[in-house]
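Below is one structure, written out as structure tokens; the observations come after it.
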Amino acid sequence: MRVEIWSDIACPWCYIGKARFAKGLAGFAHRDEVEVVFRSFELDPNGPKGVTAPVVDMLAKKYGRTLEEARGMEEHVAAAARAEGLAYRTDGRDHGNTFDIHRLLHLADARGRQEELLDLAFRANFAEERSVFDPEVLLALAVEAGLDEAEARAVLADGSAYAGEVRADEREAAELGANAVPFFVLDRRYGISGGQPAEVFTRALEQAWAGREPAEPAAADACDPDGACAVPQV
């Protein structure tokens, strides 16, 4: 079975959803026969490269909230992350364009180190005092993930490198009806949107494996450029 996961480093529910999916997969009897592939999805594709803003400020502006309310939103997400055993800092994080991160993740995929880089980038963005929007930090993460430094630096310097692969992932997401992330596709037959509980993923894997029509999953928290929490069906 092949599971494709569309996500963005800037999306906290992708960070949480990945952990929940891993737990759901661990409870699946045929887990060793599941191939997991990570796909690109930018929450803010039009955001200017090299320009960042504090996450709390971005949330307040985007959703028309006060700074205090935006901090409350961050605390809600942090509690969900910590419930999954994930570290999450609510202060000092920034937000920016993630296109270069996605391009580098495609290089990592070509070198068999994609999940390693993805995990490091998630941890740096949500748990550590390291900005993934700083090219030197991103390069250091690539090396930490096992990529060749010179090759990774060359990809970051060439804005066209792996750009086509990122855009292809995003076109596929649109064709599949994904308008929120994380978005999970099982064998190109079943779609699940949002950071669902682990048991939902286990049940979906079992149903997909058996070839049965799955029950429609409940809506879950997801990161959506328009603020909606739709559950696309494939």
Side-chain angles (χ1 to χ4, degrees), residues 1-28 31-32 34-44 55 74 76-90 93 95 98 101-106 108-109 112-128 130 132 138 141-142 144-146 166 169-170 172-173 176 178-187 190-205 208 217-225 229 231-232 234:
M1 181 187 297
R2 192 180 211 212
V3 177
E4 296 163 277
I5 306 174
W6 273 263
S7 61
D8 192 6
I9 290 299
C11 165
W13 292 110
C14 296
Y15 177 50
I16 296 166
K18 183 178 184 298
R20 290 176 175 175
F21 174 78
K23 291 178 181 178
L25 180 61
F28 178 51
R31 56 187 172 276
D32 293 336
V34 176
E35 175 193 10
V36 180
V37 179
F38 296 94
R39 302 292 193 192
S40 297
F41 188 106
E42 295 172 272
L43 287 173
D44 189 13
V55 167
E74 273 287 270
H76 168 72
V77 178
R82 291 163 187 157
E84 301 300 330
L86 300 171
Y88 193 104
R89 60 188 177 92
T90 57
R93 291 200 307 109
H95 176 84
T98 57
I101 303 172
H102 286 294
R103 293 194 302 109
L104 205 58
L105 282 166
H106 275 280
D109 183 34
R113 308 299 294 176
Q114 186 187 45
E115 188 166 10
E116 288 81 359
L117 179 56
L118 182 64
D119 284 339
L120 287 168
F122 271 142
R123 189 174 71 196
N125 190 43
F126 293 108
E128 301 173 347
R130 303 169 76 186
V132 294
L138 191 52
L141 293 173
E144 194 175 339
V166 175
D169 279 356
E170 293 174 336
E172 280 194 279
L176 291 168
N179 58 7
V181 284
F183 183 61
F184 304 79
V185 176
L186 285 63
D187 270 351
Y190 310 129
I192 302 173
S193 180
Q196 303 281 353
E199 58 269 21
V200 172
F201 288 118
T202 301
R203 186 165 63 249
L205 288 164
D221 291 301
C223 298
D224 181 346
C229 287
V231 183
V234 177

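Starting from 1, each residue takes its place in the sequence as its number. A quick note: this is a predicted structure, and the numbers were derived from the prediction, not measured. As a basis for the values below, the full set of heavy atoms in this structure was taken, side chains included, without hydrogen atoms, waters or symmetry mates.
The backbone N or O of F126 lies less than 3.5 Å from no partner atom in the side chain of R93, so there is not a single donor-acceptor pair. With hydrogens and angles disregarded, a donor-acceptor distance shorter than 3.5 Å links the side chain of E170 to the backbone of E42. Proximity of a side-chain donor or acceptor of R130 to a complementary backbone N or O of A124 within less than 3.5 Å is not detected. Remark: the backbone N or O of A26 is paired with a side-chain donor or acceptor of R31 at under 3.5 angstrom.
Among all heavy-atom pairs drawn from R113 and A145, the shortest one is NE-O, 2.8 Å. Across A80 and R20, no two heavy atoms sit closer than the pair CB-NH2, 4.2 Å. For the residue pair A121 and I9, the shortest heavy atom distance occurs at CB-CD1, 3.6 Å. Of all the heavy atoms in G24 and F201, the pair that sits closest is CA-CB, 4.2 Å. Here the closest non-hydrogen pair linking A19 and L86 is CB-CD1, 3.8 Å. Contact detail for F184 and G194: the closest heavy-atom pair is CE1-O, 3.5 Å.
At a threshold of 4.5 Å between non-hydrogen side-chain atoms, the residues V55 and E74 count as touching. Contact annotation: the side chain of I192 never approaches that of F21 to less than 4.5 Å [non-hydrogen atoms, C-beta and beyond]. A heavy-atom distance below 4.5 Å is not found between the side chains of F38 and D109. Proximity of V132 to T98: side-chain heavy atoms (C-beta onward) are nowhere separated by under 4.5 Å.
Here the two rings, on F41 and F183, have centers that are 6.0 Å apart or farther.
Interatomic distance, F122 CZ to D8 CG, rounded to the nearest 0.5 Å: 8.0 Å. Separating the CG atom in L118 from the CG atom in L104 is a distance of 11.5 Å, to the nearest 0.5 Å. Once rounded to the nearest 0.5 Å, the distance linking CD of E116 with CD of E144 reads 11.5 Å. Rounding to the nearest 0.5 Å gives a distance of 12.0 Å between CG of L186 and CZ of R2. For the atom pair K18 NZ and K23 NZ, the distance stands at 12.5 Å (nearest 0.5 Å). Atoms OG and CG, on S7 and L105 in that order, are 8.0 Å from each other to the nearest 0.5 Å.
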Is there a side-chain contact (heavy atoms from CB on, under 4.5 Å) between V185 and R39? Walk through the geometry before answering. CA-CA 10 Å; V185 176; R39 302 292 193 192; over 6 Å; no
Begin from the C-alpha positions of E128 and R123 and carry the test side-chain contact (heavy atoms from CB on, under 4.5 Å) through to its verdict. CA-CA 6 Å; E128 301 173 347; R123 189 174 71 196; 2.9 Å; yes
Does the pair W6 and L176 meet the rule for a side-chain contact (heavy atoms from CB on, under 4.5 Å), with working shown? CA-CA 11 Å; W6 273 263; L176 291 168; 3.6 Å; yes
Step by step, would you call D119 with E115 a side-chain contact (heavy atoms from CB on, under 4.5 Å)? CA-CA 6 Å; D119 284 339; E115 188 166 10; 3.8 Å; yes
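No side-chain donor from either of H102 and D169 sits under 3.5 Å from a side-chain acceptor of the other.
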